[in-house]
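Before we start, here is the structure in question, set down as structure tokens.
These numbers were taken from a predicted model, which means no experiment stands behind them. Residue indices begin at 1 and follow the sequence shown.
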Amino acid sequence: MDTTLETKQSRVTTTVNSESIVVRFSGDSGDGMQLTGMQFTDTSALLGKDISTFPEYPAEIRAPAGTLAGVSGFQVHFGSKEIFTPGDFYDVIVCMNAAALKTDLERLKKHGVVIANVSGFDSKNMKLAGYPEGSTNPLEDGTLDGYKVYRVDVSKLTKEALKESGLGMKEIERSKNMFVLGLLFWMFDNSMEFTIKSLEEKFGKKPDILAANLKVLKAGWNYGDTTEVFTTRYKTTAAQLTPGVYRNISGNQALSIGILAAAEKAGLPIFLGSYPITPASDVLHDLSKFKSNGVKTFQAEDEIAAICSAIGAAYTGSLGVTSTSGPGVALKSEAMSLAMIFEIPLLICDIQRGGPSTGLPTKTEQADLMMAMYGRHGESPLPIIAANSPADCFDAVYEAVKISIEHMVPVIFLSDGYIANGAEPWRFPTEDQLAPINATFLTENNNPGGKLLPYKRDANGVRPWIKPGTKGLEHRIGGLEKQEDTGNVSYDSKNHERMVHLRAAKVEKIADFIPLIKPDSGPTKGKMCVLGWGSTYGAIKTALLELNQEGYKDIAHVHVRHMNPFPKNLGELLHSYEKVLVPEMNTGQLILLVRAKYLVPAVGLNKVQGQPFTTEEVKTKIVELYNS
């Protein structure tokens, strides 16, 4: 970090050049902090900076304003270096009220910046935030000594800017987030051009609302530019990303686009049967926008109806998809077994959240792995693929669809709230970079001179896909056990055992079609390996980059995407290290699987707080185990 001085008229400002910066926007749900954060993020991305975001929502739809439970936050880490996490600690916090400050202060860096909306620190807001009666204002009592504090009456300044707008107080109050955004654009030397264009597109048919937002946005910029108290600006340059066309993308957006791309490549129509549930609802929202592309979306009355409708669509020759979170997977389990014994393609998207039961709807967790592995009655193994970042959702779900179609099997795709709501730059792939997906349907009798054999398998254990109504290919299908090849109902005990093994062997055979695993970084053998899956990727990656710079050269990072079946060489690779650490946002699920399958004496690092790992947490445990 370095600083330069700039003189503007009679005013001297200091410009701090930084490799990366973490900003946290916090306030009530009605303060528009999510929108502010997203606009700030989009601008940073369009200016070529690498980014990682972490939105946090209240669990209650209408949490009481001003309370700790009602704090809505948006964290963005942006800069010129490669960024893999939203950051452990904040450089800047924007607090719209006392509850926001109380929630976020502990993670503000020493000498960090606080921008506080003074209107949110009156006695009423102090009481709502849980400060004892008669407590002094934290903006004035020394609580913030050692920090750089800017007290800005955002509410008053917004009202002043719009006093002649003709808008009601409700509409004026809603505009205050634009004042904050304008001020932050000035502070971080970001152009307002992209946000102005976005507002024009959004409010083009509401000229009074558009004019108000633009006026307040510019008022925030001008406040920073003309007020003597703001003497420091912060600059980051564009990141050195791989050349290509990029967009800022969230995990759920990447998931939706990946499904679209896979269906297009396979030449299949999409049917999504879904029931709204946090944090998976955006998949339904996003795919519903593509009706003109032949996408059919169905908001069912419950989770069971949602998956059963998707199974029906898959039976008729569509790409059947259902999206949900942990509670929904529990409800869908019997239908998942039905699709498994049918042996038809089906994509089941589980966007994990804190559990059990309703649990923590808006918080993240990766505690559904065991449910994905074993959460169905009988012997019902299914392939499982887990994404490791928002952008990776595209590639991971594309592969999940390919496996499902080409192996005639339901596939579980695992993401979580951290990935689903977070965002990062995503480079558009070209059509030739996407692997072909071979979707074929049987159109002629596969048993010339005899009856159709709907469950006759090829060399990979895959049965044919037959559209209902295909002339001469009528056959029985259902949830009862099937006779080998014919698919007729069979209660024969030896046939049942053989069919159980055939279905399991087909899933295991998928390991022949997935790549061998190799370290994401570090040596292929050595003293230690950090084994991760899913959204722990960023924290592990960053921790090992930092440790490598500190001299720890013989630690590898191995990250698993294919959770079932595992890559064929995973056991051999793990045994090539003296020690194995497995960080997970659960009480230890992957570690149980690798211990059982490979007898690896792995050590766990577990966290179930509804929050992702920080880099520091992972680093500390790595060093502890390394030196033990």
Check: E424/S389 side-chain N/O donor and acceptor closer than 3.5 Å: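 Indeed, the side chains of E424 and S389 share at least one donor-acceptor pair under 3.5 Å.
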Gap separating the CG atom of L255 from the CG atom of D392, nearest 0.5 angstrom: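 Output value for this atom pair is 11.5 Å.
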Y537 and H557 aromatic ring geometry - parallel, tilted or perpendicular at 30°/60° bounds: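 Tilted, since the angle between the ring planes falls between 30° and 60°.
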Taking every non-hydrogen atom, the tightest pair across S119 and K156: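 What the structure gives for the nearest pair is OG-N, 4.3 Å.
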K127 atom NZ, neighbour heavy-atom count above 12 within 6.0 Å: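 Not more than 12 within 6.0 Å, no.
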Sidechain-backbone polar pair: Q352 side chain, S415 backbone, donor-acceptor under 3.5 Å: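 Side chain of Q352 to backbone of S415, a donor-acceptor pair under 3.5 Å: yes, one is there.
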Flag for H77-T53: side-chain donor and acceptor within less than 3.5 Å: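 Judged by distance alone, the side chains do not pair up.
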Atom pair CG (L284) and OG1 (T324), whose distance is rounded to the nearest 0.5 Å: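 One gets 11.0 Å once the value is rounded to the nearest 0.5 Å.
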Residues T236, S18; criterion side chain to side chain donor-acceptor pair (under 3.5 Å); working and verdict: CA-CA 5 Å; T236 56; S18 182; over 6 Å; no
For the student: nearest non-hydrogen atoms of L183 and V152, plus distance: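 The answer is CD2-CG2, 4.5 Å.
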Backbone of I83 reached by a side-chain donor or acceptor of D50 within 3.5 Å: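 The answer is yes, because a donor-acceptor pair under 3.5 Å joins these two groups.
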S250 and N252: side chain donor to acceptor below 3.5 Å: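 No, no side-chain donor-acceptor pair sits under 3.5 Å.
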K163 and E160: CA distance, side-chain angles, deciding distance, salt bridge (charged side-chain N to carboxylate O under 4.0 Å, His left out) verdict: CA-CA 5 Å; K163 63 182 179 182; E160 180 66 23; 2.9 Å; yes
Pair T237-K49, side chain to side chain donor-acceptor pair (under 3.5 Å): steps then yes or no: CA-CA 7 Å; T237 57; K49 298 165 187 178; over 6 Å; no
CD-CG distance between E616 and D88, expressed to the nearest 0.5 angstrom: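 So the CD of E616 and the CG of D88 are separated by 6.5 Å.
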Ring centroid separation F74 to F40 under 6.0 Å: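 Centroid separation for F74 and F40: 6.0 Å or greater.
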N97 and N125: side chain donor to acceptor below 3.5 Å: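 N125 and N97 do not have a side-chain donor-acceptor pair below 3.5 Å.
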A539 backbone acceptor or donor facing T542 side chain under 3.5 Å: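 The answer is no, because no donor-acceptor pair under 3.5 Å joins these two groups.
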Salt bridge flag under 4.0 Å for residues D368 and R353: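 The answer is no: the pair does not qualify as a salt bridge.
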Residues, nucleotides or ligands: over 12 heavy atoms within 6.0 Å of K553 NZ: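 Enclosed.
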Side chain N586, main chain Q366, donor-acceptor under 3.5 Å: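 A pair under 3.5 Å: yes.
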Plane angle bin for F188 and Y234 - parallel if under 30°, tilted between 30 and 60°, otherwise perpendicular: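 Ring orientation, 0 to 90° scale: tilted.
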E200/K197 salt bridge by N-O under 4.0 Å criterion: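 Looking at K197 and E200, the cut-off is not met.
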Side chain K218, main chain G182, donor-acceptor under 3.5 Å: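 No, the answer is negative, given that no donor and acceptor are paired below the 3.5 Å cut-off.
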Ion pair R24/E56, N-O distance below 4.0 Å: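 E56 and R24: salt-bridged.
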pair P86-Y418: side-chain heavy atoms closer than 4.5 Å: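 Contact flag for P86/Y418 side chains = yes.
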Over all atoms of both residues, closest heavy-atom pair of A254 and A391: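 Closest pair (atom of A254, atom of A391, distance): CB-O, 4.3 Å.
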Under 3.5 Å: donor-acceptor pair, side chain of D31, backbone of M33: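 Judged by distance alone, no pair lies under 3.5 Å.
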Side chain Y147, main chain T143, donor-acceptor under 3.5 Å: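 No.
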Residues R107, D104: salt bridge by 4.0 Å N-O rule: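 Between D104 and R107 there is no salt bridge, as every charged N stays at least 4.0 Å from the carboxylate O atoms.
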Pair S198-Q39, side chain to side chain donor-acceptor pair (under 3.5 Å): steps then yes or no: CA-CA 9 Å; S198 175; Q39 285 290 340; 3.0 Å; yes
Donor-acceptor under 3.5 Å (T614 side chain, E617 main chain):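 Checking the backbone N and O of E617 against the side chain of T614, a donor-acceptor pair under 3.5 Å is found.
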Donor + acceptor pair across side chains of T364, D416 (<3.5 Å):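 Per modelled atom types, T364 and D416 side chains form a pair under 3.5 Å.
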W533 six-ring face occupied by R561 cation (under 6.0 Å, within 45°):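 No, R561 does not sit over the ring of W533.
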Within 45° cone of Y131 ring axis and under 6.0 Å: K102 NZ or CZ: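 Yes, K102 sits over the ring of Y131.
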Ring-face cation contact, F84 with K541, 6.0 Å cut, 45° max: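 Here K541 passes the 6.0 Å and 45° test against F84.
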D28 side chain to G30 backbone, donor-acceptor under 3.5 Å: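 No, because the side chain of D28 does not come within donor-acceptor range (under 3.5 Å) of the backbone of G30.
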Parallel, tilted or perpendicular: ring planes of F428 versus W426, cut at 30 and 60 degrees: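 It falls in the tilted class, 30° to 60°.
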From CG (D91) to CD1 (I21), nearest 0.5 Å: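 Atom-to-atom, D91:CG and I21:CD1 are 6.5 Å apart.
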Q34 versus S72, side-chain donor and acceptor atoms under 3.5 Å: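 Their side chains do contain a donor-acceptor pair, which is all the 3.5 Å distance test asks for.
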Distance-only polar pair, side chains of T587 and N606, donor-acceptor under 3.5 Å: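 No, because no side-chain N or O of T587 sits under 3.5 Å from a partner of the opposite role on N606.
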Closest non-hydrogen atom pair between S325 and A280, with its separation: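 Reported closest heavy-atom pair: N-CB, 4.4 Å.
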Polar contact flag, side-chain donor to acceptor under 3.5 angstrom, E19-S80: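 E19 vs S80: no donor-acceptor pair found between side chains.
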Between OG on residue S175 and NZ on residue K170, distance to nearest 0.5 Å: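 Here the rounded value is 13.0 Å.
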Short side-chain to backbone donor-acceptor contact, N213 and I209, under 3.5 Å: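 Side chain of N213 to backbone of I209, a donor-acceptor pair under 3.5 Å: yes, one is there.
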Side-chain ion pair, E624 and K621, N-O less than 4.0 Å: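 Yes.
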